[in-house]
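Computed from heavy atoms alone, side chains included, the values below leave out hydrogens, waters and symmetry copies. To find a chain, count down the sequence lines: A is the first, B the second, and so on, and within it residues start at 1.
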2 protein chains.
Amino acid sequence: MQMALSPRAEALLKALIERYISDGQPVGSRTLSKQAGLELSPATIRNVMADLEDLGLISSPHTSSGRVPTALGYRMFVDSLLTVRPLDSAEIYRMGDELAYDGDPMHLMESASSLLSQVTRLAGIVLVPRQEESFRQIEFLSLPAANRVLVILVTSSGRVHNRVIRVDRHYSAAELVEAANCFNDLYSGRPLSEIRNSLLADLQSDGDAMQRAVKNATDMARHVFADSESSALDLVVSGEANLLQIPDLGDVEKLRKLFDAFTTKRDLLHLLDRSMHAESIQVFIGSESGYQALDECSVVMAPYQADGRVVGTVGVIGPTRMAYDQVISIVDVTARLLGGVLSTEAR
Amino acid sequence: MQMALSPRAEALLKALIERYISDGQPVGSRTLSKQAGLELSPATIRNVMADLEDLGLISSPHTSSGRVPTALGYRMFVDSLLTVRPLDSAEIYRMGDELAYDGDPMHLMESASSLLSQVTRLAGIVLVPRQEESFRQIEFLSLPAANRVLVILVTSSGRVHNRVIRVDRHYSAAELVEAANCFNDLYSGRPLSEIRNSLLADLQSDGDAMQRAVKNATDMARHVFADSESSALDLVVSGEANLLQIPDLGDVEKLRKLFDAFTTKRDLLHLLDRSMHAESIQVFIGSESGYQALDECSVVMAPYQADGRVVGTVGVIGPTRMAYDQVISIVDVTARLLGGVLSTEAR
DNA sequence: GTTTAGCACTCTAGCATTCAGAGTGCCAGA
DNA sequence: TCTGGCACTCTGAATGCTAGAGTGCTAAAC
């Protein structure tokens, strides 16, 4: 189906999409003919456009007004016609400054997301995956309030989960330290999911065979591991408000669905999970994403690395009519910057 | 200026506003005359309405269409005409179930905010004030990564702040425990702000007179106290998406400003701070709030208590045309439920 | 003196009509 | 294979019209 286009048709499609992206108006043959670079009469252009329409790359909103790219058209544009506009180094430098790292990776993700939304004037998203996380350290603190213990879990990425739990009796500080030590020795470096399952299994066997300290630790740890599973914190979205003023997304009902997707996060997580496994930048255009809420949106995501391993993905979400040439390089740079911060940091 | 209205004018105003709230259409004299309870001809009603308009309580969008309440009209309605519709106990019970408390007060606030937004179909907000917080406990954990220490601060409300800091050399676990003990002994129960200032003063004096352990603790604690000042986490907003589908807030530009206010939080914090000092429910109508972004919105807030002391405020934000009778009692009940959870919990 | 009926007036919302402009498709000629 | 020309279509803005809803005012009725 995807027969090769003639070079002329390609050039025309490229010019049309670029024009549409900057104007937002359907593009007609006259307009395109006046455009420098193509010395063709409107009539010729009309013929070519008719071919492009047959191929499903462009369409006209109504019988007789200019053409508009379809999702397929954008796809071809992004895949093979686009000339990405690299950022100048001053810009990159400025962006790097904005990425503040204070030790809390969550803050870093938030600042990356917010940076993206400011620079692109779209919504920025950062996915902080949990599946790869492993256990680093647990600690139990006795609280003054009766029979309360604060459980603190530190994961390999440096994220910290804490939770206050009620316990059945008072534990001395020494007991708590011992329990933590046992647990740390037992599970250090193991993936969270594995530990979670293991804890669940322990709960069922309920063996009296276990040492007391280990048993205590297991009981208390269970709560915070249950928390760490919740993926609520894994996705950071910012700059949603930018989407409000984009005329392309005028349909209030669709906009509401989109915002719902931001708060629910479920669908987005699935989608972004896919982009994790890609080598480089990925662009989901319109309904390609498979989620209704994103029908009129495109998502541009780039995986970022820490010490050579992909640990998450970062990008933006905006209308299908977005300035891909700029957005792609901005997302690319952000992913690199983020990777840089994470990697130097770990050294 | 606020001369007493005749009972008839009051009844009329009340009927008009109730009608407008449920319909969203300007209300004319005929409509009002047909309404049960008032046996008056349209002409009479027109006379009264003219008076109400002179008083600035209602206005007509254009020369000849029905009347619409002004902010002043809503104010009088809310202050003296409104018959609050109490929730039935089943409803209250159901809401109580939704307020899950797992030991983390932040989760509780989020669930309260989300509960409000679901029940009212508006945006829910919860203010968690910081000024009243006092110090409960600090702890330092050594991390495997070179020269990193995790600082954990627990405040009186049970909130936990953590931060990873770099230190100049390796500290042994024993050193860290000692430092924490010193610090805890020194500052237990004192207000955060006081400690913050004290730490700042110490930094300047830089006295060699201080014990080494105390000095270490002070240096490390400084970072997390700086964090705890940031008020970013103090305001929880949820259900913003609900506002999108409200026809009254059709102006996209205003909506964008409103969403910006949600993410900036600064203005909202100021406003809500005011509502903290009120005894009971407060309603800010339209431009009364003094913030442009809230021009076409009303804010209904109720302070909530923990053990008899007001510790925060909870409520909703929506269009000026909202069902005050229901919203007010929903907010009221939520504040009580929240207070209940916080108080039983502390016992 | 309050209330009501009647009347002239005003403004909106919807509808049909018109008209210019932009764009298309197609055909015939270069 | 490209281009010029022509008939056709569709949109969007402007216009005029009408019905409906609502008002303000005045004079009569209670």
Side-chain angles (χ1 to χ4, degrees), chain A residues 3-13 15-20 22-70 73 247-248 250, chain B residues 3-13 15-20 22-70 73 247-248 250:
Chain A
M3 60 166 275
L5 290 178
S6 73
R8 196 176 63 179
E10 279 191 352
L12 210 65
L13 179 61
L16 186 147
I17 295 186
E18 279 169 351
R19 180 64 182 236
Y20 180 69
S22 73
D23 279 17
Q25 298 296 324
V27 185
S29 55
R30 280 182 58 91
T31 321
L32 226 44
S33 147
K34 276 179 285 187
Q35 188 121 336
L38 308 158
E39 302 303 334
L40 294 172
S41 78
T44 315
I45 291 178
R46 281 202 288 277
N47 289 328
V48 181
M49 289 208 298
D51 295 347
L52 291 175
E53 185 157 17
D54 288 345
L55 288 171
L57 298 170
I58 58 180
S59 72
S60 28
H62 45 81
T63 320
S64 201
S65 189
R67 303 306 215 290
V68 158
T70 62
D248 301 44
Chain B
M3 58 167 276
L5 291 177
S6 74
R8 196 176 62 180
E10 279 191 350
L12 209 67
L13 179 61
L16 186 146
I17 296 185
E18 279 169 351
R19 181 64 182 237
Y20 180 68
S22 74
D23 280 18
Q25 298 295 325
V27 185
S29 54
R30 279 182 61 88
T31 321
L32 226 43
S33 144
K34 276 179 285 187
Q35 188 122 338
L38 306 158
E39 302 302 336
L40 295 172
S41 76
T44 315
I45 291 177
R46 281 201 289 277
N47 289 328
V48 181
M49 289 208 297
D51 296 346
L52 291 175
E53 185 156 17
D54 289 344
L55 289 170
L57 297 169
I58 57 179
S59 70
S60 27
H62 46 81
T63 320
S64 199
S65 189
R67 305 305 215 290
V68 158
T70 62
D248 301 45

Given atom [atom1] of [X] and atom [atom2] of [N], what is their separation to the nearest angstrom?
X	N	atom1	atom2	value
B:L32	D:dA21	CG	P	16 Å
A:R67	D:dT9	CZ	C1'	13 Å
B:D51	D:dT23	CG	C1'	14 Å
A:I45	D:dT3	CD1	P	9 Å
A:R8	D:dT1	CZ	C1'	8 Å

query: Hey, which of these two, A:R46 or B:H62, hits DNA chain C nearer its 5' end, going by closest nucleotide?
result: B:H62
query: How would you label the contact of A:T31 with the nucleic acid (heavy atoms, under 4.0 Å): base, sugar-phosphate, or nothing?
result: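 If one applies the 4.0 Å heavy-atom cut-off, A:T31 turns out to touch the sugar-phosphate alone, with no base involved.
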task: Give B:T44 one of three labels, base, sugar-phosphate or nothing, depending on what nucleic acid heavy atoms sit under 4.0 Å from its own.
output: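 Base contact.
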- prompt: Using a cut-off of less than 4.0 Å, is there contact between a side-chain N or O of A:T63 and OP1 or OP2 of D:dT9?
  reply: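 For A:T63, the contact criterion (side-chain N or O under 4.0 Å from OP1 or OP2 of D:dT9) is not met.
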field: Where chain B begins and ends its contact with DNA chain C, read 5' to 3' at 4.0 Å from heavy atoms
entry: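 Contacts span C:dT3 to C:dT12, reading 5' to 3'.
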Reported CE-to-CG distance for the pair A:M49 and A:L13, which is rounded to 0.5 angstrom: 11.0 Å
query: For the base of D:dG4, is there a side-chain donor-acceptor partner from A:R30 under 3.5 Å away?
result: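 When only heavy-atom distances are counted, A:R30 does not reach the base of D:dG4 through any donor-acceptor pair under 3.5 Å.
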query: Going by heavy atoms in the side chains, are A:P42 and A:R46 under 4.5 Å from each other?
result: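 With C-beta onward as the side chain, the pair touches.
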